[in-house]
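Here is the structure we will look at, set down as structure tokens.
Each residue takes its place number in the sequence, starting with 1. Since the structure is predicted, the reported quantities are computational estimates derived from the model, not experimental observations.
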Amino acid sequence: MTETTGYSGGGPVLIKNPHLDSMEEDILYHLDLGTRTHNLPAMFGDIKFVCVGGSPNRMKAFAQFMHKELGLEGSGEDLADICAGTDRYAMYRTGPVLSISHGMGIPSISIMLHELIKLLHHAKCRDVTIIRIGTSGGLGIEAGSVVITDTAVDASFQPRFEQVVLGDVVVRSTDLDRDLAEELLACSKEVPEFPTLIGHTMCTYDFYEGQGRLDGALCSFSSEKKLEYLKRAHEAGVRNIEMESTAFAAMCRLCGLRAAVVCVTLLDRLEGDQIRAPREVLREYQQRPQRLIAAFIRRRLGLRPLPATEGTTDRHGP
């Protein structure tokens, strides 16, 4: 069974579940929020941008960075974790921007997205843009490059997300908003210190065998087979590899959210498996998608680009 409808590119956040209408209360358990315990429209109704990423610390740093980029009062150092009652995810609000962690892998981001999308629906949010920012392994591009995903593909290089529902395999489209990707690419001119490109992103269910690594606890293939597979991925248009994009793209599309995936590459997988860059280099790499998204949000809000002396003391990141 294939599901391809639902994406509207704007307007209200859609809920593809008729059972929710009959519920007296909706408990967003993993976010420590609920429709009876919290006034969700008052808390989140004016949110326009949602940025999600794997690490709680990284998403807090991004929220603090956006606080400076938007010129809000105060230092932003004391931003409160809205999901402090749970240790599953962290959530921070900065003006019209919501910053949320999603953990690692499809199961973790899927749980978060179910509850986040319901939150946006209950809050009556409209015209929301959601962006996953994170890290990845590159294919045939230099480490530190930022990849804006046009299509998320599975480990067979197909633009699909397969979900087993009641024993049936449901196939969902993983196309992302092409206009949004082009808009993000145009914004990269404001941060020209690193290469930015559009390409396919391959999403796998595993960091080791699923991505063709030779250094896991298990490995059933040769180095030659691994390299042949990665070269085929590159020929299919794949420019980076991570573990969340297909589920993210499919769910956002069905629920009417304009969505993008923007990830920095920490290495070129055609040259090796292990990340060997120094910690300080990796920290700067991880800030690159944040800088691009900040430029995008500022442009959308009609704010002028900040000169090097404003917003933050280090224009290389938060």
Side-chain angles (χ1 to χ4, degrees), residues 3 5-60 62-64 66-67 70 72 74 76 78-132 163 165-166 170 172 244 247-259:
E3 291 183 350
T5 60
Y7 179 68
S8 64
V13 179
L14 307 176
I15 292 294
K16 310 294 286 187
N17 181 1
H19 302 288
L20 292 180
D21 292 338
S22 62
M23 294 172 54
E24 295 183 1
E25 178 182 13
D26 190 3
I27 300 171
L28 310 178
Y29 174 74
H30 299 90
L31 300 182
D32 193 37
L33 295 167
T35 54
R36 180 172 292 176
T37 54
H38 298 79
N39 186 339
L40 299 180
M43 293 174 67
F44 303 104
D46 57 348
I47 289 294
K48 296 299 181 184
F49 307 96
V50 180
C51 297
V52 306
S55 163
N57 289 337
R58 193 183 307 152
M59 297 319 292
K60 181 178 182 180
F62 174 72
Q64 292 170 336
M66 285 307 307
H67 187 94
L70 297 178
L72 301 179
D78 58 348
L79 289 176
D81 179 4
I82 299 171
C83 300
T86 176
D87 60 358
R88 297 298 184 185
Y89 305 105
M91 178 190 297
Y92 302 90
R93 173 167 181 164
T94 309
V97 183
L98 204 59
S99 176
I100 314 169
S101 68
H102 60 59
M104 187 180 296
I106 285 175
S108 185
I109 194 174
S110 174
I111 294 168
M112 187 280 290
L113 284 174
H114 273 281
E115 298 185 16
L116 168 65
I117 291 168
K118 291 196 297 177
L119 182 156
L120 297 173
H121 174 74
H122 293 315
K124 298 179 170 54
C125 295
R126 297 183 63 87
D127 302 316
V128 176
T129 298
I130 181 169
I131 303 173
R132 168 171 141 65
Q163 174 79 36
V165 179
L166 302 182
V170 176
R172 292 167 174 160
E244 293 87 16
F248 174 83
M251 292 182 68
C252 291
R253 180 181 178 86
L254 284 170
C255 293
L257 288 163
R258 295 192 72 200

Are the side chains of Ile130 and Phe248 in contact, using a 4.5 Å heavy-atom criterion?
yes
CG of Leu72: more than 12 outside heavy atoms within 6.0 angstrom?
yes
How about Gln64 and Leu79: do any of their side-chain heavy atoms sit closer than 4.5 Å?
yes
Can you tell me how far apart CZ (Arg132) and CD1 (Ile100) are? Round to the nearest 0.5 Å.
13.5 Å
Side-chain touch Leu31/Tyr89, heavy atoms, less than 4.5 angstrom:
yes
In the structure I gave you, are the side-chain heavy atoms of Ile82 and Leu33 within less than 4.5 Å of one another anywhere?
yes
Out of Val128, Thr129, Ile117, which residue meets the side-chain contact (heavy atoms from CB on, under 4.5 Å) rule with Val50?
Val128
Do you know the tightest heavy-atom contact between Thr94 and Met66?
CG2-C, 3.8 Å
Short question: side chain of Lys48, backbone of Arg126 - any donor-acceptor pair under 3.5 Å?
yes
Qualifying salt bridge (charged side-chain N to carboxylate O under 4.0 Å, His left out) pairs, either residue in residues 23-42, two or more places apart:
Glu24-Arg36, Glu25-Arg36, Asp26-Lys118
Can you list everything that forms a side-chain hydrogen bond (donor to acceptor under 3.5 Å, both in side chains) with His67? Sequence neighbours excluded, please.
none
Approximate separation, where rounding is to 0.5 Å, of Ser99 OG and Phe49 CZ:
14.0 Å
Any side-chain heavy-atom pair of Phe62 and Arg58 under 4.5 Å
no
Under 4.5 Å between any side-chain heavy atoms of Met104 and Glu244, yes or no?
yes
So, taking the atom named CG in Leu113 and the one named CG in Leu119, what distance separates them when rounded to the nearest 0.5 Å?
12.0 Å
Smallest separation among heavy atoms of Asn17 and His19, with atom names
OD1-N, 3.0 Å
First locate atom SG of Cys252, then atom CG of Leu116, and finally report the distance between them rounded to the nearest 0.5 Å.
8.0 Å
From Lys60 NZ over to Asp81 CG, what is the distance, rounded to the nearest 0.5 angstrom?
8.0 Å
Looking at residues at least two apart in the chain, or sitting in another chain, which of them share a salt bridge (Lys or Arg N to Asp or Glu O under 4.0 Å) with Arg88?
none
Would you confirm whether Arg93, through its side chain, and Met43, through its main-chain N or O, come within 3.5 Å as a donor-acceptor pair?
yes
Return the CG to CD1 distance between Leu40 and Ile47, rounded to the nearest 0.5 Å.
12.0 Å
Please examine the side chains of His38 and Leu28, heavy atoms only from C-beta on, and report whether any two atoms are closer than 4.5 Å.
no
Please give me the minimum heavy-atom distance between His102 and Ser108, naming the atom from each residue.
O-OG, 2.6 Å
Exercise: identify the closest heavy-atom pair between Ala90 and Pro56
CB-CB, 3.9 Å
